[in-house]
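Counting starts at 1 for both ligands and their atoms, following the listed order.
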Amino acid sequence: MKEQQLLENELSRIDGRGYKAYKDIRGEYDFDDFTLIVDYVQGDPFATPSKVIVHVPDEISQFPSDTYENKSREVALRDFLTREFFRNAGKYSKGNRGTGSSGLISIDRPGQQILERTSVFINEKGVEVRFSLGLPAFGRKVAGRQAIDMFFDEIPAIVVNSLFYENLDKNRLYDHIKTNEDADYLRDALLERGLIAFVGDEAILPRKTGITQKPLEREEAVPFSSAESMKEEFELPNYGKASGMGIPKGVNLIVGGGYHGKSTLLNAIELGIYNHIPGDGRERVVSVPGSVKIRAEDGRYIEKTDISPFISNLPFGKDTKQFCSENASGSTSQAANIIEALEAGAECLLIDEDTSATNFMIRDKRMQELIAKEKEPITPFIDKAREMYNDYGVSSVLVIGGSGDYFDVADKVVGMDNYIPSDLTLKAKEIAGETQREKEGGEYFGRITQRSPFSKGVDAAMGKKVKLKSQGVKAIQFGSERIELHSVEQLVDESQTRAIAHAVYYARKYMDGERGLPDILNKVLYDIEQSGLDVINPRSGQLAGFRKIELASAINRLRTLKVRQLDQE
Ligand code: ADP
Ligand code: MG
């Protein structure tokens, strides 16, 4: 380790020289209260910014052990410190200091969810933070004086104010930690109560606009209030008693007039796989970790997915047991999305009529009379929802405002009226008694055929280099391919997408044309659990945790993917 004075001398020495001279400052420096590592130096002022790591020893940072004594608390603390660092970087860095990214000090920026991230780590030895630095330049010449200001004034101010326990707002810190711990507790408690989701009373579900995750102002929002017959109460470790609506295992419908809050409720359940920050409104809205939003996604790629439980007898005898498409239709894409979700281990499917293919969801009595079963390749979801639950234990929550046929197969019917739910199950069942739609799905759901990918089709090489990049939250550049994730609705953060890009590439090592995809997903997630996200991309500060479901979604949408179906007799 070098003395900090050496860094200052070096920056003075290279002042005014060509930008490449910055390469000389790589290394580890002893600052008074922390260690600073210049880990990666950018090639020019317009390239990806440089990477810096700071370690603050425990004697200095002094976090009490109860701020990270279990996984929930640890993840929350790391998330909180990332937010503090981001805020203080805005406050203490001078910003633009020349060409390109000159002057930038930035860290991964969390949104409404609390995710495991590689931006900050903590253990009994201390805190580690990983962030980006735009090494300053005028034109392509090193701006040494400016760099000295950044390293010796700005970074220390940010570090001292973000990573020293004594300088943090304890109330906000503990609120963050306790909220996260409660949400994990609540999610873990769902299954033993026979629930797949819980929506706390007083929750604020609607968002401010269609393009942000920030809550609608409290004055404008109707707080959630459970239907009386569905009320559940939990004793949370920090918050105490929390009441709200429990959504049971089985087939659940959300009905109600247009604009009465059906989709908003479903969206909240969808994101209940994540914990939310204090003030979000969804702090006590949780769903089981295997909840998967399903939608139609025409145009997607499909590689040998067995969609025969839903679709058979296509024109021209096209095979649906090994269905392939470069450009799937609404119904075939929705069928593939379901089968692939089941293959990847889904526990509960969430479906909204707004984003579904109509002919995939319903086929009413009149249509059954006009078009014979033999002439209709599609078995609609209504004829498989019950069987899916009976055969595989996979529940569903369906937003259906337009078809009462679904009453036949529902265990629970929740009606939304002016954003307030009520239990309409009995009334719906009474009405259902009078109709006689033919059941067309058979007695069983049908087989879910596992597939085994070949590593050859998962190649991110572009020329001599491997190219793996997120493009916003909803796309990945994978070598020369683009993986389109716009319909993967439960991805919320670009750092998840970035991590998934690396995980797809990492997963190749388990792809041998023998091992099934579920096994591969489990192996990758196990490695991450054991060794952290660093196993898929070491020393990055810009990765966030993700589920195997979303990893599967990315693999399945890679247009060069090739698989072999596995026989499972
Ligand atoms: P639906 O799916 O039943 O047609 P949406 O869920 O799309 O209805 O909601 C319609 C509108 O009402 C949206 O703009 C949404 O943000 C707003 N909204 C939803 N829930 C609430 C609520 N609890 N309080 C206030 N506005 C809400
Ligand atoms: Mg809707």
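With ligand atoms numbered from 1 in the order given, ligand 1 contributes 1 (P), 3 (O), 5 (P), 6 (O), 8 (O), 9 (O) to contacts under 4.0 Å with heavy atoms of G261. The ligand atoms of ligand 1 that sit less than 4.0 angstrom from a heavy atom of G257 are 3 (O). Under a 4.0 Å criterion applied to the non-hydrogen atoms of A221, ligand 1 contributes the atoms 24 (N), 25 (C).
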* side-chain hydrogen bond (donor to acceptor under 3.5 Å, both in side chains) between N313 and E374, intermediate numbers included -> CA-CA 8 Å; N313 303 323; E374 307 76 64; over 6 Å; no
* Give the intermediate values and the outcome of side-chain hydrogen bond (donor to acceptor under 3.5 Å, both in side chains) for residues Q334 and R295. => CA-CA 6 Å; Q334 195 161 0; R295 53 170 294 162; over 6 Å; no
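In this structure, G258 has a heavy atom closer than 4.0 Å to ligand 1.
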Considering only distance and modelled atom types, tabulate donor-acceptor pairs under 3.5 Å from the side chains of residues 184-194, sequence neighbours left out.
from: D184; atom 1: OD1; to: R187; atom 2: NH1; distance (Å): 3.3
from: D184; atom 1: OD1; to: N275; atom 2: ND2; distance (Å): 2.9
from: D184; atom 1: OD2; to: S72; atom 2: OG; distance (Å): 2.6
from: R187; atom 1: NE; to: G272; atom 2: O; distance (Å): 3.1
from: R187; atom 1: NE; to: S287; atom 2: O; distance (Å): 3.3
from: R187; atom 1: NH1; to: N275; atom 2: OD1; distance (Å): 3.0
from: R187; atom 1: NH2; to: G272; atom 2: O; distance (Å): 3.0
from: R187; atom 1: NH2; to: Y274; atom 2: O; distance (Å): 3.2
from: R187; atom 1: NH2; to: N275; atom 2: OD1; distance (Å): 2.6
from: R193; atom 1: NH1; to: E232; atom 2: OE1; distance (Å): 2.8
from: R193; atom 1: NH1; to: E233; atom 2: O; distance (Å): 3.0
from: R193; atom 1: NH2; to: E233; atom 2: O; distance (Å): 2.7

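Stacking of K249 on the aromatic ring of Y389 is not recorded, the 6.0 Å distance cut-off and the 45° axial limit not both being met. Both the sub-6.0 Å distance and the 45° axial angle are not jointly satisfied by R172 relative to the ring of F80.
At a heavy-atom cutoff of 4.0 Å, ligand 1 is contacted by both the backbone and the side chain of Y259. Within the 4.0 Å heavy-atom criterion, the part of E220 lying near ligand 1 is the backbone and not the side chain. The proximity of K262 to ligand 1, defined as any non-hydrogen pair under 4.0 Å, involves the side chain as well as the backbone.
Of the candidates L216, T264, D352, V222, the one placing a heavy atom closest to atom 19 (C) of ligand 1 is T264. Closest heavy-atom approach to atom 16 (O) of ligand 1 within the set G256, P206, S225: this belongs to P206.
A salt bridge links R83 to D79: at least one charged side-chain nitrogen sits closer than 4.0 Å to a carboxylate oxygen.
For atom 18 (N) of ligand 1, the nearest protein heavy atom (residue, atom name, distance) is Y419 CE2, 3.4 Å. Looking only at heavy atoms of the protein, atom 7 (O) of ligand 1 is closest to S263 CB, 4.0 Å.
Residues E326 and R559 share a closest heavy-atom pair of O-NH1, 2.8 Å.
Taking only nitrogen or oxygen atoms, main chain and side chain alike, H260 reaches within less than 3.5 Å of ligand 1.
A donor-acceptor contact shorter than 3.5 Å is absent between the side chain of R78 and the backbone of E74. Formation of a donor-acceptor pair under 3.5 Å by the E438 side chain with backbone atoms of E440 is not found in this model.
Applying the salt bridge (charged side-chain N to carboxylate O under 4.0 Å, His left out) definition to pairs two or more places apart or across chains, none involves residues 388-397. Sequence neighbours left out, the pairs with a member in residues 195-213 that pass salt bridge (charged side-chain N to carboxylate O under 4.0 Å, His left out) are D201-K231, R207-D280, K208-E217.
Listed by chain and number, S263 OG, D354 OD2 are the protein N/O/S atoms closer than 2.8 Å to the Mg ion (ligand 2), with waters left out.
Side-chain polar atoms of T332 and S329 form a donor-acceptor pair below 3.5 angstrom.
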